[in-house]
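Throughout, a chain's letter reflects where its sequence line sits, starting with A, and its residues are numbered from 1. Side-chain atoms are counted along with the backbone in the values below, which use heavy atoms only and exclude waters and symmetry mates.
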2 protein chains.
Amino acid sequence: MAPAHHLLEDHLERLRTLLKQRKAEELEQLLQQLPAGDVPWLLDRLSDEEQERLFQLLSPEEGSDLLEGLSEEQASELLDNLSPNDAAQVLDHMPSDEQADLLGRMSPRRAAEVLEHMDPAEAADARRLAQYASDTAGGLMISEYLAYPEQWRVGDVLEDLRANRQRYLEYDVQYTYVVDDQGQLVGVLRLRDLVLAELQTPIRELMIPDPLHVCVDTPLQELRDLFHQHPFRGFPVVDDQGRLVGVVCHEDVEEALEQAAQRTLMKFTGILGGEELRSMPLRLRSLRRLFLLSTNLMMDLVAASVIAVFESTLSQLVALAVFLPIISDMGGNAGFQAVAVSMRELALGLIRPGDFFRVAWKEIQVGLLNGLGLGVLVAGIAWFWKGDPALGLIVGVALALNTVVAVVLGGTVPLALRRLRVDPALASGPVLTTLTDMCGFFLILWMASRFLLGS
Amino acid sequence: MAPAHHLLEDHLERLRTLLKQRKAEELEQLLQQLPAGDVPWLLDRLSDEEQERLFQLLSPEEGSDLLEGLSEEQASELLDNLSPNDAAQVLDHMPSDEQADLLGRMSPRRAAEVLEHMDPAEAADARRLAQYASDTAGGLMISEYLAYPEQWRVGDVLEDLRANRQRYLEYDVQYTYVVDDQGQLVGVLRLRDLVLAELQTPIRELMIPDPLHVCVDTPLQELRDLFHQHPFRGFPVVDDQGRLVGVVCHEDVEEALEQAAQRTLMKFTGILGGEELRSMPLRLRSLRRLFLLSTNLMMDLVAASVIAVFESTLSQLVALAVFLPIISDMGGNAGFQAVAVSMRELALGLIRPGDFFRVAWKEIQVGLLNGLGLGVLVAGIAWFWKGDPALGLIVGVALALNTVVAVVLGGTVPLALRRLRVDPALASGPVLTTLTDMCGFFLILWMASRFLLGS
């Protein structure tokens with residue numbers, strides 16, 4: 001189709017040819033020349049066997065570079081196609097936080113197999129990090145940092161930096177930490193202060209004592225707040241005994257926040273587990289979606305039972321059937337807008353479950369305004385279509401009232417779910433649509449039976 | 001309600017009292033003691049006058065610290081309540097990228113007023129950054145960086161660092177850049193290399209020449225790819241003449257990605273402009289929501305016109321009316337799951353508009369499986385309810401077919417919209433529900449009129 005797509009297809013063709021011919025060097029060159037944005041697309045189109053061969057041909061360093069450029073979902077899918085030994089070698093070259101994330105996505109059995117093939121030191125690090133929940137400082141921290149005993153002098157530190165220069169290059173060092181004999185964090189040492197100090201100065205005198213730090217179980221939202229308050233690149237992370245165990249970096253926190261927002265979007269639309277790529281097995285994709293769909297179907301049937309109760313009303317006034325799906329759809333739409341605003345305000349810390357009545361009041365105002373506008377619109381159309389002002393009035397009033405109900409429920413249901421410790425993103429949708437459908441169907445059908453048919 | 005909420009109310013009470021008594025020092029203490037996560041909530045509940053007084057009592061530095069801890073929406077709302085002079089003083093103390101973001105949210109007239117009251121150097125910086133789109137390297141970069149002429153020696157640089165230490169502390173320096181006489185970027189100098197070098201060495205010999213850099217118009221997605229490929233904290237940004245104009249940092253890119261994901265979620269649910277806080281004026285909140293709702297209502301009416309065509313069928317078989325909203329809702333649900341997966345895969349670079357047929361084929365498979373499951377379920381229920389196997393069959397087949405249509409449309413509509421350069425998050429919803437409603441209503445009513453009533 002578009003020229004860009006032709007070019008992608010050409011790259012894919014060439015990638016496949018090189019894989020078939022097992023040309024490691026040329027593969028490496030090709031991958032380096034490709035725009036980074038094209039790599040996920042190309043890898044997604046390789047068969048399982050081609051993916052496996054690719055990682056066998058690349059060096060473990062190149063393989064890990066390749067994986068680091070991908071989303072976590074895709075990287076974890078690719079790793080699953082490798083033998084435990086190949087997977088271990090690639091993982092050995094990744095930063096410790098990504099090791100832990102990718103191992104955490106494997107089945108416990110597969111993870112144990114891969115860990116056995118990893119470098120013992122790397123495996124120990126990964127095991128240690130894997131014990132922390134992924135949305136806490138422990139789960140987000142890296143273990144690549146520098147810490148020196150408080151007895152050292154500036155000269156000792158500079159000598160160590162010089163001697164291990166090559167290895168530390170990977171660490172991207174800006175701060176170094178100072179620990180006591182028990183490994184407890186006692187200070188932070190800025191590289192720029194080291195530069196300007198006498199070699200004989202004890203680092204204890206140079207360090208900033210009692211530095212800001214977080215605990216392994218500090219949650220993501222609190223980390224976000226801390227980074228917004230302080231212009232630091234990272235915070236040292238201590239365990240429950242105050243021992244330094246890692247560093248959590250600003251960019252990793254921001255990345256985790258982005259992933260959380262993406263997962264919310266997916267859950268909102270009802271994919272169980274919040275994740276699906278079309279390269280996943282059909283059975284898995286189908287089941288993950290079916291779970292929510294069948295729940296929805298059951299709740300739809302409950303809502304539709306209101307219609308069944310009014311079957312005789314409908315048979316006398318079939319025109320009402322035209323407006324039932326409209327009432328249902330508009331209630332859902334208006335309610336979802338309110339859900340989205342509440343979810344956003346919850347995420348920003350602007351509302352808490354205790355703000356129930358404030359939110360309800362704010363939504364009632366919007367609901368009355370918008371309900372009035374929409375109600376007048378639909379009333380006019382119904383009147384014009386059937387020439388019956390009474391029908392128009394009833395349809396309009398039902399839509400207006402249902403809009404108010406929908407926005408109040410939409411605004412407050414996420415708060416109630418949060419209070420009940422249910423994920424609002426996952427449960428708001430079905431709860432909301434069932435309630436607004438039942439209310440909307442009842443309003444229009446009851447009013448029609450009462451005022452139009454006089455029954 | 002919960003104890004935490006009581007505590008918040010107490011803090012709010014105290015904040016209001018201190019504001020009334022104009023106790024600047026105690027206010028400052030209170031704000032520093034509060035958990036960072038509580039501050040957005042508390043500020044959101046202050047009246048416009050209280051907010052204005054708060055910023056008058058705080059020093060500009062404290063005011064800017066306070067704003068930096070808030071979301072951009074909330075910070076921009078707060079600034080709107082200050083006089084141009086107060087707003088300018090607070091902005092003077094913020095990093096250049098945030099200055100530009102907040103100024104960009106003001107009306108052009110208000111922004112000009114505020115810029116006039118700002119420090120001339122800060123204002124010039126902010127004006128320069130404001131010319132770049134917010135989702136490009138130019139819009140995300142900061143202008144707080146260090147650059148030295150290529151003729152300088154290590155000793156000159158160290159002396160400058162020492163002399164301006166206090167100011168550079170704010171810069172959080174890790175790299176310094178080397179530029180030629182025209183201001184063009186020629187190299188990057190690592191602080192750790194400076195530490196270990198002779199004072200007489202020219203920095204030209206120490207620098208990494210021709211470093212990786214981006215242009216002011218490099219888009220957000222490309223920046224994300226670059227940061228995933230390279231373990232750097234920031235990239236130098238050059239203008240179209242190769243002159244160094246700023247630095248774009250990893251955490252700012254990740255933060256922008258998170259904001260983009262949040263906006264997508266809001267657009268998805270149909271809030272025009274993608275942003276609403278309940279502290280905004282009622283008229284604005286109402287209108288932003290009404291725009292999409294009235295569009296939806298029109299499209300619902302179009303879809304419902306299919307029902308109107310089959311009114312005589314419905315009058316003979318009123319039970320069908322019960323299933324119309326179910327067909328509509330299930331089509332929407334199944335379709336939205338496919339929309340969400342396509343949006344995610346588009347964002348991850350796994351599909352492009354050219355992958356239309358691949359996506360359609362993958363969705364047909366899931367649609368057939370899930371359609372079959374849901375169809376059998378609803379057919380059984382309809383049969384059981386009305387004791388009519390033929391009715392059950394028709395309802396089940398209609399739901400199954402409509403599920404296939406819905407997921408294929410849901411999967412491909414975002415690709416088509418992307419090709420047409422329309423934002424898929426904004427337009428997928430209404431387009432999808434109208435099409436699946438029309439299709440679903442037609443399927444069930446036409447099959448009923450053809451096979452049940454034989455007309």
Handout entry: Residues in side chain to side chain donor-acceptor pair (under 3.5 Å) contact with S328(B), at least two apart in sequence or another chain
Key = D437(B)
Problem - Residues which pass side chain to side chain donor-acceptor pair (under 3.5 Å) with D252(A), listed by chain and number, not counting sequence neighbours - result: none
Of the listed residues ([options]), which shares the most heavy-atom pairs with chain A below a 4.5 Å separation?
{"options": "L369(B), L66(B), L317(B)", "value": "L369(B)"}
{"options": "E363(B), Q365(B), E222(B)", "value": "E363(B)"}
{"options": "L320(B), L297(B), V407(B)", "value": "L297(B)"}
{"options": "I351(B), L70(B), V253(B), I327(B)", "value": "I351(B)"}
{"options": "L158(B), T403(B), V359(B)", "value": "V359(B)"}
{"options": "L324(B), L43(B), L374(B)", "value": "L374(B)"}

Exercise for the section: Report the C-alpha distance between Q337(B) and R288(A) in whole Å, list the side-chain angles of each, state the deciding distance to 0.1 Å, and finish with yes or no for side chain to side chain contact (heavy atoms under 4.5 Å, CB included). Expected result: CA-CA 10 Å; Q337(B) 292 183 330; R288(A) 283 188 177 179; over 6 Å; no
Counting only heavy atoms closer than 4.5 Å, note whether [X] contacts chain B via side chain, backbone, both or neither.
{"X": "Q259(A)", "result": "neither"}
{"X": "F441(A)", "result": "side chain"}
{"X": "S342(A)", "result": "both"}
{"X": "Q221(A)", "result": "neither"}
{"X": "R283(A)", "result": "neither"}
{"X": "L42(A)", "result": "neither"}

Handout entry: Test item: V341(B) and R289(A) side chains (from C-beta on) under 4.5 Å apart, heavy atoms
Key = yes
Problem - Close side-chain approach of H250(A) and H250(B), heavy atoms under 4.5 Å - result: no
Taking every non-hydrogen atom, the tightest pair across [X] and [Y]:
{"X": "V366(B)", "Y": "S286(A)", "value": "CG1-CA, 4.2 Å"}
{"X": "M330(A)", "Y": "D300(B)", "value": "SD-OD2, 3.6 Å"}
{"X": "A321(B)", "Y": "A321(A)", "value": "CB-CB, 4.1 Å"}
{"X": "W385(A)", "Y": "A308(B)", "value": "CZ2-CB, 3.4 Å"}
{"X": "K362(B)", "Y": "R285(A)", "value": "O-NH2, 3.4 Å"}
{"X": "L348(A)", "Y": "S71(B)", "value": "CD2-CB, 3.4 Å"}

Given a strict heavy-atom distance threshold of 4.5 Å, which part of [X] is in contact with chain A: side chain, backbone, both, or neither?
{"X": "I381(B)", "answer": "side chain"}
{"X": "D65(B)", "answer": "neither"}
{"X": "E68(B)", "answer": "both"}
{"X": "A319(B)", "answer": "both"}

Are any of the side-chain nitrogens in [X] or [Y] under 4.0 Å away from the carboxylate oxygens of its partner?
{"X": "R233(A)", "Y": "E251(B)", "answer": "no"}
{"X": "K386(B)", "Y": "E311(A)", "answer": "yes"}
{"X": "R224(B)", "Y": "E255(A)", "answer": "no"}
{"X": "D355(A)", "Y": "R278(B)", "answer": "no"}

Exercise for the section: Count the heavy-atom pairs under 4.5 Å between each of T433(A), N296(A), L314(A) and chain B, then report the option with the highest count. Expected result: N296(A)
Practice task
Could you have a look at L350(A), D44(A), D225(A), I307(A) and say which one has the most heavy-atom pairs with chain B under 4.5 angstrom?
Solution key: L350(A)
Problem - Between CG on residue L377(B) and CG on residue L293(A), distance to nearest 0.5 Å - result: 11.0 Å
Practice task
Spell out, as yes or no, whether a donor-acceptor pair under 3.5 Å connects the side chain of R352(A) to the backbone of L8(B).
Solution key: no
